[in-house]
Amino acid sequence: MDDTKRDGWKALLALAPAAIMLIIFTFFPIVNTFFMSFMEGFKLKDGAGLLAINNGFSGIGFGGYRQVLTDPIFQSAILNTLILVVVSVPLTIVISLLMAVALNGIKKLQGLYQTIFFLPYVTNTIALGMVFGAMFGSADSGVINQIIRLFGGTPKDWTTMNALKWDSFWVIIVYTVWNGLAFKILVFMSGLQSIDKQYYDAAKIDGTSKARILWKITIPLLSPQILYITITSFIGAFKSYTGVISIFGKGEAYFGGAGNDWITIVGYIYKQMGSSGKGAYTKGAAAAVILLIIILIVTAIQGAVAKKRVHY
Amino acid sequence: MASDVYFIDEAAKKRFKRQRIVFNILTYTFLTICALFMLLPFYYMIITSLKTPQALTNEMYTKTLNLFPSFDQLTLDNYRIVISGYSEEAKTFAEGNFLRYYANTILVAVCSTAITVITCILSAFAFARLNFRGKNLLFTLLLATMMIPGEMMIITNFTTISLLGWKNTYQALILTHAVSVFYIYYLRQTFQQIPNELFLAAKVDGYGVFKYLWKVMIPIAMPTIVTIIILSVMGSWNAYLWPTMVTSEDSMKLVANGLMDLFQSFQSQPAELLAKGYEYTDNLRLAGSFMVTLPLFVFFLIFRKYIMRGVSRSGIKG
């Protein structure tokens, strides 16, 4: 910087519009929700004002956290979320990586395929979740069951109240993978296109096999993109909720009722928000803080792994 | 590249060519299967949304696969019902509101995008061009908020909106998400790449910093700004959780939560629909899905290049 003179008032002017809104709708809520999670039995009081502390509550402490952590519905929400994360994230990354490598290896029709693969990105999560819900559906409906029948299999209830939990599971996974591929393929493609062709020419002269090229050249050189995608997908998958309810609907049955219910951590938070009971907000806020802690831990672990494994 | 490869003898050349053909066949087969997997939901959505209730019921009873229905099995009635409601008396999805959802979503998308872009340009400019105390600290603080799950904000924002009496208002839908830290970060990166010499030259010409922003920085950063506009509009079209929290009146809903409520209302199998022969409602539901998806597709076809380039450079969803 050549001019060391400060532009204090100009900066104030330029930052003011964003700052005002960020303070009201981002910074204040983070602090306020954090306090709310420690206010046991929180209840909104009419005319109490915006600060959590002015509303009704019965005590300060970890009561909300205790309630949430011992709530069987929250425990199953954590377990469900973890299962969905652990299965869907690696699956999506591996498939999108293979698709990107295959796509990068062709010349004819590359643009067409790339556009087709990108289409799921330009959709509405609710709208396409409903399509997957209908594609699987009940034992006597849905294109998937009809295809199963065509091959002599037994059709299943996939998304109805009678569906088994592990049958519903696959609907969520298929939709999550389908929905997540587009963005990852695009990021991997831009990474692949920036890899220096010389590496591949050298490998060709040595007569290296395609599998070895993929494993020893492509994947290491793509590791920054893989790290970026892994971190963002993990964070995204821990927040899954909209996709699930768009498939099954958001009736009570899917919020800690029927045996097939796939309530997630975020689903649990919204369940609390929708209930007007005393302390429901305390539980919702506590669950949100727990989600934040989980995300921070997972990101920290990935950062540590990345230091060893990522080649820049 | 293959054309640059030299071979010792003809046999080696042939072997190489054969291998390449096999490899190409495998690659294209794999990609085609993937493409069909990607396209099937769209095809199924369109074809089912056009099926008459009779065709759909028949299909359910006889349990047959009907991916290519004949012309007399198709109808536009489903869309009429989705657009104008199925019942004149009952107030459940009877007010013909899908067009209203469109209008609401467009209004919210335009306003929140406009505010997002203005606040984003000004703040990115401050962080990239101006000197002020605590700049780095403030910027780090901003970036840190990106890690925090939106639900932390939503809980308090919901109580704020309730206390302000803003439920079922446009300002509740627009203002809460009208500043995006990510876009500020993204645009700041672009602004920082503008060479300092331009600023010095502009200063010689008597430009102030704001005039420099308007006349030089914004035109240079236009591709990034266009990307931000597009992503922001798409984000509004996708918004579901917050609109669901703050809108209960049908006249205030956006497309995504309107569609979800339509889904819920069909799940209860209303008598008016049964009377019209809708024993199953997949066709109605998917007509609704297509109504929500179609504008996005048109948008995508027009701005395909910008969208794909922008997404690959920035990368955000969900």
Side-chain angles (χ1 to χ4, degrees), chain A residues 1 6-8 10-11 14-15 17-18 21-22 25-26 29-30 32-33 36 44 50 99 102-103 105-106 113 116-128 130-132 134-135 140-141 143 146-147 149-150 183 186-187 190 236 239 242 249 266 269 273 281 284-285 288 291-292 295, chain B residues 5 27 30-31 34-35 38-39 41 44-45 48 60 63-65 118-119 122-123 125-126 130-132 145 147-149 151-153 155-160 163 175-176 178-179 209 237-238 240-241 256 259-260 263-264 267 280 282 285-286 289 292-293 296-297 300 308 311-312 315 317-318:
Chain A
M1 279 282 145
R6 303 215 174 256
D7 329 86
K10 286 174 191 152
L15 285 172
M21 279 190 274
L22 282 173
F25 296 117
T26 303
I30 292 169
N32 196 55
T33 302
M36 206 187 273
L44 277 181
L50 296 180
M99 285 168 78
L103 193 57
I106 63 169
Y113 279 111
I116 290 174
F117 294 163
F118 189 70
L119 280 181
Y121 189 89
V122 211
T123 53
N124 182 292
T125 314
I126 299 286
L128 265 294
M130 280 169 54
V131 177
F132 275 77
M135 280 170 69
D140 44 30
S141 74
V143 62
Q146 283 152 356
I147 291 173
R149 208 176 274 114
L150 214 60
F183 172 57
L186 202 63
V187 172
S190 69
K239 295 185 195 165
T242 318
V266 172
I269 297 171
M273 296 295 296
Y281 279 36
L291 176 63
L292 169 64
I295 289 177
Chain B
V5 182
T27 309
F30 172 69
L31 288 174
C34 291
M38 292 301 211
L39 290 175
Y44 188 74
M45 167 170 74
T48 308
M60 297 293 187
K63 305 187 195 309
T64 43
L65 183 61
I118 293 168
T119 55
L122 286 172
S123 341
F125 161 71
L130 301 178
N131 293 311
F132 57 94
T145 64
M147 289 285 296
I148 294 172
E151 283 66 40
M152 293 257 329
M153 291 85 156
I155 295 176
T156 291
N157 282 342
F158 180 64
T159 61
T160 306
L163 290 167
L175 290 181
T176 41
V179 179
V209 276
W237 200 267
N238 231 327
Y240 169 73
L241 293 171
L259 178 66
M260 193 68 199
F263 177 16
Q264 301 289 116
Q267 261 185 342
Y280 296 89
D282 280 5
R285 274 197 282 160
L286 298 196
S289 289
V292 171
T293 312
L296 269 177
F297 270 166
F300 175 61
M308 289 179 70
V311 171
S312 78
K317 191 181 189 180

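All values below come from the heavy atoms of this structure, side chains included, with hydrogens, waters and symmetry mates left out. Predicted model, so just to flag it, every value in this text is computed and none were measured. Throughout, a chain's letter reflects where its sequence line sits, starting with A, and its residues are numbered from 1.
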Whatever's closer than 4.5 Å to a heavy atom in chain B on A:T242 counts as side chain
Okay, A:F118 and chain B: the region with an atom under 4.5 Å from a heavy atom over there is side chain
pair [X]-[Y]: side-chain heavy atoms closer than 4.5 Å:
| X | Y | result |
| --- | --- | --- |
| B:P41 | A:L128 | yes |
| B:F300 | A:L119 | yes |
| B:I155 | A:I269 | yes |
| B:Y44 | A:F132 | no |
| B:M308 | A:Y121 | no |
| A:P17 | B:I118 | no |

Highest number of heavy-atom pairs under 4.5 Å with chain B among A:G8, A:G284, A:A127 belongs to A:A127
In terms of heavy-atom pairs under 4.5 Å with chain B, the winner among A:L103, A:I106, A:L150, A:I295 is A:I106
Distance from [X] atom [atom1] to [Y] atom [atom2], nearest 0.5 Å?
| X | Y | atom1 | atom2 | answer |
| --- | --- | --- | --- | --- |
| B:M153 | A:T26 | CE | OG1 | 5.0 Å |
| B:T159 | A:M36 | OG1 | CE | 4.5 Å |
| B:E151 | A:K239 | CD | NZ | 7.0 Å |
| A:L22 | B:T145 | CG | OG1 | 7.0 Å |
| B:M260 | A:T125 | CE | OG1 | 11.5 Å |
| A:L15 | B:L130 | CG | CG | 8.0 Å |

Original post:
Just by modelled atom types, is the B:W237 backbone N or O under 3.5 Å from a matching donor or acceptor in the A:N124 side chain?
Top reply: yes
Quiz item: Do the side chain of A:D7 and the main chain of B:F132 share a donor and acceptor less than 3.5 angstrom apart?
Solution: no
What is the minimum heavy-atom distance between [X] and [Y], and which atoms define it?
| X | Y | result |
| --- | --- | --- |
| B:A178 | A:M21 | CB-SD, 4.1 Å |
| A:M130 | B:R285 | CE-O, 3.5 Å |
| B:T27 | A:A102 | CG2-O, 3.5 Å |
| A:V122 | B:F297 | O-CE2, 4.0 Å |

Note to self: Checking B:T156 against A:T33: is there a side-chain donor and acceptor pair closer than 3.5 Å?
What the structure shows: yes
